[in-house]
Structure formats: C-alpha cells, structure tokens
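Every heavy atom of this structure was used, including side-chain atoms; hydrogens, water molecules and symmetry mates were not.
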Amino acid sequence: GEMDLQILSKIRARYPGVTINNDVIEPSADQISKYKERVAQASNLENIKFTWHKETANEYESRMNAEKKTKKWDFIHMIQMLYYVKDIPATIRYFHSLLESQAKLLIILVSGKSGWETLWKKYGSSFPLEDLCSYVSSADLPRMLDSAGLKYQLYELPSHLDITSCFSEGDKDGELLLDFLTETLDFAKTAPPELKHQVMEELRKPGCSEIRDGKVFFNNSLGVIVVEP
C-alpha cells in the first residue's frame, strides 16, 4: 500500500472533495494486512473508500465474469505485478477493457536495459523458481501491446542498487540481496558452486552493474508503460 497511498494523495490533491473508490486486488493476506495498517495510521484519507479483495488478478476476472459484472475505472496500476501472472497479454487485455474513456493503465516492470535483463536472460533457467513467478521485463511489453493494438508510452526510470555486500562471504545483508536477485531462498548456501561463481562474476560485469569508488551498483532501472484506453 505504500505506492498506492502516494498515488492516492496525488489524485486527491488534483481532485479535492471528490469521492475516490480504491479497489485492491491482492492474493496475500499479509500484504493486505500491512496495507490496512498503513491506512489506519494515515491522515487525509477522507473521501477515499477502500475495498480489499484477497484474490489474484485472474480470480478477480473470473469472479466478475461469473457475476456478469463490469466495473469501469479511471486508473488501474500494475506495479511489479505481471511476473506473477500466467497469461500476461490476456491479463492486460482484460484490465484494459475496464478503462473509462479518459483513463490510464500504468504498468511498471524491471527495464529491458537493466541488470535484471542480463542476469535473468543468462541464468534465469537455472534458478529454481518453482513456478512462483516468470521473468518479464519492459522489453517484452511492446510486442504484446502492439499485437493487441493498444496505444502506449514507454518511459525509463533510472535506479541503482548497492550490492557490494553480496561479495562479502557470510554477510547477512549480502546473502538476502542475493536471494532477492535470484528469487532463490539461501542462494549463497544452496546454489551449485559453479552457478554461484558464474552469477557472482556476472553481477560485477558492465551488463549488470557499474563499479564506483570500490562499490558495486546493480542497474535496477525500471520500465514504465502508460497504456491508453
């Protein structure tokens, strides 16, 4: 809910006094609980009505179709979310169909020019994802959007992540960062030695990171896609 509340404060400032309906689609009970805690602690949320749905995007679509309901929206966002969707083009098409005439669909993913793209294109198939998520970057979206005949703008959001601690053996923060980069629990301890060596080498290379003042900064840039109705 951190990003959502920032977005809502911008909308509220732009349209003071207008009632805002915010529907949250989130399969994790823990994430919903954290969002509700943020809302409880926040001020200036009058005129905003929150509804939480503990379900995936696909479950929401199925439920709405079963109930023969179609709710239209002025703004829909999918921030770092499409990795967890089985059929990305179908999901985009469905939620795009829910846009009002002046609405926007915002999609944010890791950039096709980021270190993620380099790392995952080379080694993603070696990481034991267990079908939890699939790798997709902003480089994959234009093809999907073009084939669906959708209009969009694409922006780059530069970002760097200090991963220097990954290269200190036994460093707790470094090990957690490695888990994050590889989507693998205890990667430093459980990965085959050759794979670990290759990944550590790759993370230092210009395709993934840049080295400044002896520190390693991973290219964490994001791709921002704004889809028109």
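- The closest side-chain heavy-atom distance from Gln6 to Met3 is below 4.5 Å.
- Of all heavy-atom pairs spanning Ser101 and Pro229, the tightest one is O-CG, 3.0 Å.
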Take Thr182 and Tyr123, measure what side-chain contact (heavy atoms from CB on, under 4.5 Å) needs, and give me the verdict at the end.
CA-CA 9 Å; Thr182 60; Tyr123 297 105; over 6 Å; no
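- Looking at heavy atoms from C-beta onward, Val199 lies out of side-chain contact with Leu181 at the 4.5 angstrom threshold.
- Asn219 places a side-chain N or O within donor-acceptor distance of the main-chain N or O of Ser221, the cut-off being under 3.5 Å.
- Atom CG of Leu157 sits about 9.5 Å away from atom CG of Asn220, to the nearest 0.5 Å.
- Here Thr70 contributes atom OG1 and Tyr94 contributes atom OH; the two are 6.5 Å apart, rounded to the nearest 0.5 Å.
- The backbone N or O of Val136 sits nowhere less than 3.5 Å from a side-chain atom of Trp116 that would complete a donor-acceptor pair.
- Heavy atoms from other residues, nucleotides or ligands lying under 6.0 Å from NZ of Lys215 number 12 at most.
- Across all non-hydrogen atoms, the minimal contact from Gly1 to Arg38 is C-CD, 4.0 Å.
- A donor-acceptor pair under 3.5 Å is formed between the side chain of Thr91 and the backbone N or O of Asp87.
- Annotation: side chain of Val110 is not in contact with side chain of Trp120 (no heavy-atom distance under 4.5 Å).
- Considering only heavy atoms from C-beta on, Phe50 stays 4.5 Å or farther from Asp4 through its side chain.
- Once rounded to the nearest 0.5 Å, the distance linking SG of Cys208 with CD1 of Ile163 reads 7.5 Å.
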Derivation and outcome, side-chain contact (heavy atoms from CB on, under 4.5 Å), residues Leu150 and Ile92
CA-CA 10 Å; Leu150 301 181; Ile92 292 173; 4.0 Å; yes
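- The 12-atom threshold is exceeded at NZ of Lys104, counting heavy atoms of other residues, nucleotides or ligands nearer than 6.0 Å.
- In this structure the side chain of Cys166 never reaches within 4.5 angstrom of the side chain of Val216, judged on heavy atoms.
- Residue Glu67 places its CD atom among more than 12 non-hydrogen atoms of other residues, nucleotides or ligands, all under 6.0 Å distant.
- The structure places NZ of Lys86 at 9.5 Å from CG of Asn58, a figure rounded to the nearest 0.5 Å.
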I'd like a table of donor-acceptor pairs (distance under 3.5 Å, sequence neighbours excluded) in which one partner is a side-chain atom from residues 13-27, with atom names and distances.
{"unit_1": "Asn22", "atom_1": "ND2", "unit_2": "Tyr35", "atom_2": "OH", "d": "2.9"}
{"unit_1": "Asp23", "atom_1": "OD2", "unit_2": "His53", "atom_2": "NE2", "d": "3.0"}
{"unit_1": "Asp23", "atom_1": "OD2", "unit_2": "Lys71", "atom_2": "NZ", "d": "3.4"}
{"unit_1": "Glu26", "atom_1": "OE2", "unit_2": "Ser28", "atom_2": "N", "d": "2.8"}

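- Atom CG of Leu98 is separated from atom CD1 of Ile76 by 5.0 Å, given to the nearest 0.5 angstrom.
- Remark: side-chain polar atoms of Asn65 are not paired, donor with acceptor, to backbone N or O of Ser62 under 3.5 angstrom.
- Using modelled atom types, no side-chain atom of Lys36 and backbone atom of Gln31 make a donor-acceptor pair closer than 3.5 Å.
- The minimum heavy-atom distance linking Lys72 with Ser97 is given by the pair NZ-O, 2.8 Å.
- Between Asp146 and Tyr152, the side chains place a donor N or O and an acceptor N or O closer than 3.5 Å (distance only, hydrogens not considered).
- Applying the 6.0 Å contact sphere to CZ of Phe180 captures no more than 12 heavy atoms from other residues, nucleotides or ligands.
- The nearest pair of heavy atoms linking Leu177 to Leu161 is CD2-CD2, 4.1 Å.
- No continuous path of hydrophobic side-chain contacts links Phe217 to Leu178 [ILVMFWY only; heavy atoms under 4.5 Å].
- With Met78 as reference, Leu105 is the one residue of Ile225, Leu105, Val227 to meet the side chain to side chain contact (heavy atoms under 4.5 Å, CB included) rule.
- In summary, the side chains of Gln198 and Glu194 do present a donor paired with an acceptor at a separation below 3.5 Å, with no hydrogens or angles considered.
- The shortest non-hydrogen separation linking Ser111 to Ser114 is O-OG, 2.6 Å.
- A 4.5 Å side-chain heavy-atom check between Leu45 and Leu5 finds at least one atom pair inside the cut-off.
- In this structure Glu100 satisfies the side chain to side chain donor-acceptor pair (under 3.5 Å) test with no other residue, sequence neighbours excluded.
- A donor-acceptor contact closer than 3.5 angstrom links the side chains of Asp162 and Thr164.
- Linking ILVMFWY side-chain heavy atoms closer than 4.5 Å, directly or via other members, places Phe218 and Leu176 in two distinct hydrophobic clusters.
- Without hydrogens or angle criteria, Ser137 side chain to Glu117 main chain gives no donor-acceptor distance under 3.5 Å.
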Report the C-alpha separation of Glu46 and Arg12 in whole Å, then their side-chain angles, then the decisive distance to 0.1 Å, and conclude whether the salt bridge (charged side-chain N to carboxylate O under 4.0 Å, His left out) test is met.
CA-CA 9 Å; Glu46 60 271 14; Arg12 202 172 156 277; 2.8 Å; yes
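- Side-chain atoms of Asp171 come within 3.5 Å of backbone atoms of Gly174 as a donor-acceptor pair (strictly under, hydrogens ignored).
- Atom OG1 of Thr190 is separated from atom CG of Leu195 by 9.5 Å, given to the nearest 0.5 angstrom.
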Set out, in order, the CA-CA distance, both residues' side-chain angles and the distance that settles side-chain contact (heavy atoms from CB on, under 4.5 Å) for Val39 and Ile48, then state yes or no.
CA-CA 10 Å; Val39 169; Ile48 302 177; over 6 Å; no
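- A side-chain donor-acceptor contact under 3.5 Å links Ser138 to the backbone of Gly112.
- His96 places a side-chain N or O within 3.5 Å of a backbone atom of Glu228 that can act as its donor or acceptor partner.
- Asp140 has its side chain out of reach of Leu109: every pair of non-hydrogen atoms, C-beta onward, lies at least 4.5 Å apart.
- For Glu169, the side-chain contact (heavy atoms from CB on, under 4.5 Å) criterion is met by Lys196, not counting sequence neighbours.
- Looking at Phe167 and Leu203, their side chains come closer than 4.5 Å, going by heavy atoms from C-beta outward.
- When all heavy atoms of Thr56 and Glu59 are compared, the closest pair comes out as N-OE1, 2.8 Å.
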